[in-house]
Amino acid sequence: MKKSILIIMILLIGSLSASAQWSSAGNDTGNSPSHDNSSKPAGGFIRVGGAISFNTLGGSYFENQSNVSGKTTGIISLCQAGAYFGKNKNFYAGLGMELPFKGWKEEVEINGRTITTSYNTMGYRIPVFIGYTYRFTPKISLYVQTGINFDFDFAGYWGTIEYNGEKKDLKDTLNDDYFNIFNSSWAVQAGIVLHKIHLGLNYTLPYTDIFNHKYVDDDINGNLGAVNLYIGLAFDLK
């Protein structure tokens, strides 16, 4: 699995680099070889870094809980790469590869005692997006983008259940397929690139029911989204 993902990312970066070089050349850029190209927009980009993730909860399951909250987690953003298209090189399309951490915490009163359950998961996330960049200068730009996320929670869910002073592993009480390991969401992101520093704010609007399986009644559903604050480096492909 790891080797196949590495191969995919290498092919992606290589194809985007080739596309960027092609799109940066020729008369359609408005720049001839004899002119200064320092202000010419890049043909593509790569963004790498991490993010702080504030998990959001929705659906009937979470709404009926008296004390439940999404966790503060994180994302390893391995790569988001894109290529510009169109004459002005403002619009772009791309995809990426991320490793998000997700989860929530529940506290319920049972017989006068509190039972605390902590849920955690980790997976692959593949964002596919289109966007628009506005360049103030060759080194300062703003962007907005939107698209779909495909999440595969390869680790399943893990965590703990604590009650009456005893703590148990979550996997000892739930089946391995209790949660839906495929979670999709729609994402909207905006950010700024200062020289090579990238800052972005992202919201993932979930539309996959994580309880959609035989162990939970049909009228019970839950969605796990997030507000993500990205920070990292951005590199132009020319």
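Hydrogens, waters and symmetry mates are skipped; everything else that's a heavy atom, side chains included, is used.
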Next item on the list: Would you sort out whether K196 and D236 count as a salt bridge (charged side-chain N to carboxylate O under 4.0 Å, His left out), showing the intermediate values?
Entry: CA-CA 9 Å; K196 288 184 171 60; D236 286 338; over 6 Å; no
Looking only at heavy atoms, the pair that brings G159 and N120 closest together is CA-ND2, 3.6 Å
Nearest heavy-atom contact between M97 and P127 is N-CD, 4.1 Å
Across all chains, not counting sequence neighbours, the side-chain hydrogen bond (donor to acceptor under 3.5 Å, both in side chains) partners of N223 are none
Centroid-to-centroid, W104 to F62, below 6.0 Å? yes
Report task. Measure up the F152 and F182 rings against each other and bin them: parallel (under 30°), tilted (30 to 60°), perpendicular (over 60°). Result -> tilted
Does the gap between the ring centers of F85 and Y92 come in under 6.0 Å? no
ask   = Does a side chain donor of either D209 or N221 reach within less than 3.5 Å of an acceptor in the other side chain?
value = no
key: Expected output: side-chain S141 to main-chain R135 donor-acceptor under 3.5 Å   = no
| So, Y134 versus F136, ring centres under 6.0 angstrom or not? | yes
_For D218, I'd like to know if atom CG has over 12 heavy atoms of other residues, nucleotides or ligands within 6.0 Å._
no
Exercise for review: Could you give me the CA-CA distance, side-chain angles and deciding distance for N183 and S185, then say whether side-chain hydrogen bond (donor to acceptor under 3.5 Å, both in side chains) is met?
Suggested key: CA-CA 7 Å; N183 297 303; S185 59; over 6 Å; no
inquiry  = Taking the cut-offs as 6.0 angstrom to the six-membered ring centre and 45 degrees off its axis, would you call R47 and Y143 a cation-pi pair?
reply    = yes
